[in-house]
Amino acid sequence: KQWYQRRVAITAGVHFPKETKLVIPIDVIHHDGRYWENPSVFTPDRFSGESGKNIRPFTYMPFSAGLRNCIGKNFAMLEMKILLSNIFRRFEFVNPHPEIKDPPRMGNITVRPLNGVPIKLYHR
């Protein structure tokens, strides 16, 4: 099979041939200024309280969305909360390179820092 890439603006009523492969650019949506104020700035508060209620559907999809979202989402979130709470209670995190504000990223379906995330941990 031949793989190619082209940009298509999808509107209501568009039909795709059978076996067409579509990729939703989730990272692009997550950093789109039409949906997020200051999209390149790490602002966790945008997801809490009244701000969190104003998020447009399908503009934030860490586990995909809709009927075919990740079946492990709830388990992953619970496991993450338990793990992080234990780590945060035992260690202090320090950024050894505070001058780096936006590290280069890489990814296809999931996005991650190109060279990892350097941190220093100090036992409490």
Between [X] and [Y] (side chain of the first, backbone of the second, donor and acceptor by atom type, cut-off under 3.5 Å), is there such a pair?
X: Ser51; Y: Phe47; value: no
X: Asn86; Y: Ile82; value: yes
X: Arg124; Y: Phe91; value: yes
X: His30; Y: Met61; value: yes
X: Trp36; Y: Ile29; value: yes

Practice prompt. Examine Met80 and Val117 and state if one hydrophobic cluster contains both, with Ile, Leu, Val, Met, Phe, Trp and Tyr joined whenever side-chain heavy atoms are less than 4.5 Å apart.
Written response: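 Same cluster.
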
With rounding to the nearest 0.5 Å, note down the distance linking [atom1] in [X] to [atom2] in [Y].
X: Thr59; Y: Ile26; atom1: OG1; atom2: CD1; result: 11.5 Å
X: Ser48; Y: Lys53; atom1: OG; atom2: NZ; result: 11.0 Å
X: Asn74; Y: Phe63; atom1: CG; atom2: CZ; result: 8.5 Å
X: Leu78; Y: Leu83; atom1: CG; atom2: CG; result: 11.0 Å
X: Phe58; Y: Arg56; atom1: CZ; atom2: CZ; result: 11.5 Å

Check this for me: [X], atom [atom1], are more than 12 non-hydrogen atoms of other residues, nucleotides or ligands nearer than 6.0 Å?
X: His15; atom1: NE2; result: no
X: Leu84; atom1: CG; result: yes
X: Arg89; atom1: CZ; result: yes

Discussion item. If I compare all heavy atoms of Asn95 with all of Pro118, which pair ends up nearest, and what's the gap?
Written reply: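 The pair with the smallest heavy-atom distance is OD1-O, 4.3 Å.
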
Practice prompt. Mind listing the closest non-hydrogen atom pair of Glu50 and Asn54 along with its distance?
Written response: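 Heavy atoms only, the tightest pair is O-ND2, 3.3 Å.
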
Discussion item. Quick one, Pro113 and Arg105 - any side-chain contact, counting heavy atoms below 4.5 Å?
Written reply: no

Worksheet item: Any side-chain donor paired with an acceptor under 3.5 Å for Thr43 and Arg46?
Response: yes

Discussion item. Could you check whether Phe88 and Phe93 have their ring centres less than 6.0 Å apart?
Written reply: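 Ring centres of Phe88 and Phe93 closer than 6.0 Å.
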
